[in-house]
Protein chains: 2
Amino acid sequence: MDLITPDRPVVTVEEICELLGYAPASAYRYVRELAGAGYLVRLPTGYALGPRIIELDLQMRENDPLLTQSRNLVEGIAEKTGLSVLISELYEEKVVAVFQEHAPNENITFGRGRSMPLFRGATTRVIMAHLMPKRLRRLYDKHAESPDAIAIGADWRSFSRAMLEIRKAGYCLSKGELDNKNAGIAAPILDGNNRVFGAVTIVGTIDRFSAFNDSFLVSTVKTAAETISTFIRGDVSSRQEKTSSK
Amino acid sequence: MDLITPDRPVVTVEEICELLGYAPASAYRYVRELAGAGYLVRLPTGYALGPRIIELDLQMRENDPLLTQSRNLVEGIAEKTGLSVLISELYEEKVVAVFQEHAPNENITFGRGRSMPLFRGATTRVIMAHLMPKRLRRLYDKHAESPDAIAIGADWRSFSRAMLEIRKAGYCLSKGELDNKNAGIAAPILDGNNRVFGAVTIVGTIDRFSAFNDSFLVSTVKTAAETISTFIRGDVSSRQEKTSSK
DNA sequence: TCCATTATTATCATAATACGATAATTTTGA
DNA sequence: TCAAAATTATCGTATTATGATAATAATGGA
């Protein structure tokens with residue numbers, strides 16, 4: 001599905017074979033199956049993404065506890081501050097915002113659905129800072145050469161110290177790292193054992209950001225993240241507890 | 001992923017085993033893999049839908065030719081008429097709107113992402129009417145007992161005649177079938193060989209609908225669908241043609 | 001309309017891996 | 001700290017995925 005890009009909005013079977021190294025018979029089988037399940041759709045010139053994705057998107061917007069339980073909270077912050085608010089999650093080596101409350105006149109490149117680069121921006125950094133040490137180490141080693149990683153710390157010692165600072169502070173503030181006119185402040189969403197799921201981020205132009213005390217933004221974003229963390233932990237929603245005797 | 005519903009926004013491994021009949025070892029493997037790829041996310045109380053879905057949603061909104069190429073057209077119709085416009089696709093036995101231009105004050109139950117029942121509503125019917133005969137027959141036989149199917153035709157003869165009528169007309173109009181206050185009119189999106197991909201539907205309250213000549217709505221929706229059909233066929237977008245000599 | 005070409009599916013033997021039972025390990029909650 | 005629960009690892013077997021090839025269907029010109 002990632003073969004579909006702005007340059008290649010419709011992908012042919014031939015391209016799939018070339019790019020992924022499949023035999024034609026296999027590629028035809030794959031697209032047939034994926035199209036049958038709605039993940040792809042067959043157009044006259046090839047395959048495009050299919051309706052199942054839109055269906056899942058709705059399913060998530062309606063049911064995901066991370067979204068449903070934090071919607072009001074996030075909207076409130078956006079309204080009060082006039083800044084944008086994002087809720088992001090980590091997967092593989094990407095951080096993706098799954099919810100965005102867009103304040104007027106804001107221009108955010110890495111909004112809902114656009115995966116953010118590692119090592120850059122408040123959201124990504126605050127999430128990384130709360131990863132388990134061994135996982136963080138693996139990530140760092142893999143990208144130690146990247147300029148963004150070096151900017152945080154040229155070696156593991158200084159890098160992990162920087163991360164520890166963020167973890168101790170409980171938030172991360174950045175200016176102009178993703179959009180040079182924007183600033184962001186992020187706090188982690190944690191489970192009961194301080195494992196990180198994602199982050200809450202407040203984003204706005206540097207100008208607008210400066211209108212607030214840093215301490216106000218810090219406490220706002222931290223409180224929001226803690227509230228959401230609590231929601232998620234106790235998340236028994238409408239399900240019955242099993243206090244059975246088994 | 002379909003185990004996640006409003007009643008069960010977070011699904012446990014135990015539930016997955018029960019509901020899908022897997023051994024625990026397998027269920028754990030599945031969720032690990034799906035969560036690794038971002039399709040699920042592990043929360044303290046179980047698994048929920050993950051960020052990959054949001055990423056794909058964006059990818060589709062930005063790249064899907066069906067959406068990108070018809071956005072202006074659809075917005076124009078919505079603006080001029082004050083009615084809503086949907087673009088829908090078929091998969092498995094569902095029809096799902098992948099794009100919706102929402103007019104103000106409209107209330108549409110089966111909007112973007114919510115799969116519509118077969119045999120009911122203008123969108124579904126116009127799509128069914130353009131299916132290949134054998135596929136239509138299979139569908140009918142499978143659901144011949146359903147009230148919605150019987151409402152169209154009590155036996156295959158009358159059912160297929162009704163479908164033929166729609167196919168000849170090139171559109172389908174319905175009132176109050178999905179939302180009892182709404183009416184809809186739909187026309188098929190076809191490839192060069194009259195195979196159906198989806199449909200364009202104009203939706204609005206029956207009141208608002210009555211303000212227009214039927215013929216105006218018919219020609220509007222048919223023209224839109226034909227325009228989109230043409231877009232899709234010639235869709236070579238920004239890709240280079242291969243006029244190679246091989 | 002036909003035909004040659006291309007695109008797609010079916011068949012099938014083999015290689016790959018998914019599956020679940022069990023054991024080992026980790027996490028959790030008291 | 002420890003017992004119970006949750007999760008992962010191991011591994012033999014059964015299942016299925018894979019790609020080469022053949023068969024069929026669709027396509028685009030004359």
Side-chain angles (χ1 to χ4, degrees), chain A residues 3 10-37 39-48 50 130-135 138 190-197 229-230 232-236 239 241-246, chain B residues 1 3 10-37 39-48 50 130-135 138 190-197 229-230 232-236 239-246:
Chain A
L3 296 183
V10 172
V11 65
T12 65
V13 173
E14 196 183 354
E15 287 167 329
I16 292 172
C17 291
E18 284 171 19
L19 295 165
L20 301 179
Y22 296 133
S26 302
Y28 278 108
R29 252 194 313 258
Y30 298 157
V31 294
R32 189 154 24 108
E33 200 151 330
L34 285 168
Y39 288 91
L40 294 179
V41 64
R42 182 180 181 166
L43 301 180
T45 54
Y47 287 84
H130 287 81
L131 290 178
M132 320 241 61
K134 61 184 183 218
R135 182 158 180 205
R138 247 185 293 128
L190 304 168
D191 76 1
N193 295 314
N194 287 352
R195 247 192 303 263
V196 64
F197 289 106
S229 300
T230 319
I232 297 305
R233 274 172 230 170
D235 172 62
V236 286
R239 61 175 41 201
E241 285 295 345
K242 41 189 151 178
T243 46
S244 78
S245 55
K246 185 210 146 186
Chain B
M1 296 197 277
L3 296 184
V10 172
V11 64
T12 65
V13 173
E14 196 183 353
E15 288 167 329
I16 292 172
C17 292
E18 286 171 17
L19 294 165
L20 301 179
Y22 295 133
S26 300
Y28 277 109
R29 253 195 311 258
Y30 297 157
V31 294
R32 188 154 24 108
E33 199 150 332
L34 285 168
Y39 289 91
L40 295 179
V41 65
R42 183 182 180 166
L43 301 179
T45 54
Y47 286 84
H130 287 80
L131 290 178
M132 319 240 60
K134 62 185 181 214
R135 181 158 181 204
R138 248 185 292 129
L190 305 168
D191 77 0
N193 294 313
N194 287 353
R195 247 191 307 261
V196 64
F197 290 104
S229 300
T230 319
I232 297 305
R233 274 172 231 172
D235 171 63
V236 286
R239 62 177 40 204
Q240 58 276 48
E241 286 294 346
K242 41 191 151 177
T243 46
S244 80
S245 55
K246 186 213 145 185

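Considering CG of B:Leu20 and OH of B:Tyr30, their distance stands at 9.5 Å, rounded to 0.5 Å.
Nearest-nucleotide mapping onto DNA chain D: of B:Pro24 and A:Pro24, the residue sitting toward the 5' end is B:Pro24. Looking at which nucleotide of DNA chain D each of A:Glu33 and B:Tyr47 is closest to, the 5′-most match is held by B:Tyr47. Both A:Asn193 and B:Gly21 sit near DNA chain C, but only B:Gly21 has its closest nucleotide nearer the 5' end.
In this structure, CE of B:Met132 is placed 12 Å from C1' of D:dA26, rounded to the nearest angstrom. The distance from atom CD1 of B:Ile16 to atom C1' of C:dG20 is 16 Å, rounded to the nearest whole Å. Rounded to an integer number of Å, the gap from A:Arg195 CZ to D:dT7 P is 10 Å. Rounded to whole Å, atom C1' of C:dG29 lies 15 Å from atom CZ of A:Arg233. When rounded to the nearest whole Å, the span between CZ of A:Arg42 and P of D:dA26 equals 10 Å. When the P atom of D:dA23 is taken as reference, atom OH of A:Tyr28 falls 19 Å away, rounded to whole Å. The nearest whole Å value for the distance from the OH atom in A:Tyr22 to the C1' atom in C:dA15 is 17 Å. Nucleotide C:dT8 holds its P atom 14 Å from the CG atom of A:Leu40, rounded to whole Å.
An OP1 or OP2 oxygen of C:dC19 is reached within less than 4.0 angstrom by no side-chain nitrogen or oxygen of B:Ser26. Residue A:Tyr30 places at least one side-chain N or O closer than 4.0 Å to OP1 or OP2 of D:dT18.
Among the nucleotides D:dT27, C:dA10, D:dA6, the one closest to the side chain of A:Arg32 is C:dA10. When distances are taken from the side chain of B:Ala23 to each of D:dG19, C:dA7, C:dA21, the shortest belongs to C:dA21. When each of D:dA20, C:dT28, C:dG20 is scored by its nearest atom to the side-chain atoms of B:Ala25, the top-ranked nucleotide is C:dG20.
Contacts of A:Arg29 with the nucleic acid, taken as non-hydrogen atoms under 4.0 Å apart, include base atoms.
Inter-residue side-chain proximity for A:Glu15 and A:Leu3 is flagged as unmet; no heavy-atom pair is nearer than 4.5 Å. Counting heavy atoms from C-beta outward, A:Leu43 and B:Asp191 have side chains that stay 4.5 Å or more apart. With a 4.5 Å cut-off on side-chain heavy atoms, B:Pro24 and B:Val13 do not count as touching.
Of all heavy-atom pairs spanning A:Cys17 and A:Ala27, the tightest one is SG-CB, 3.6 Å.
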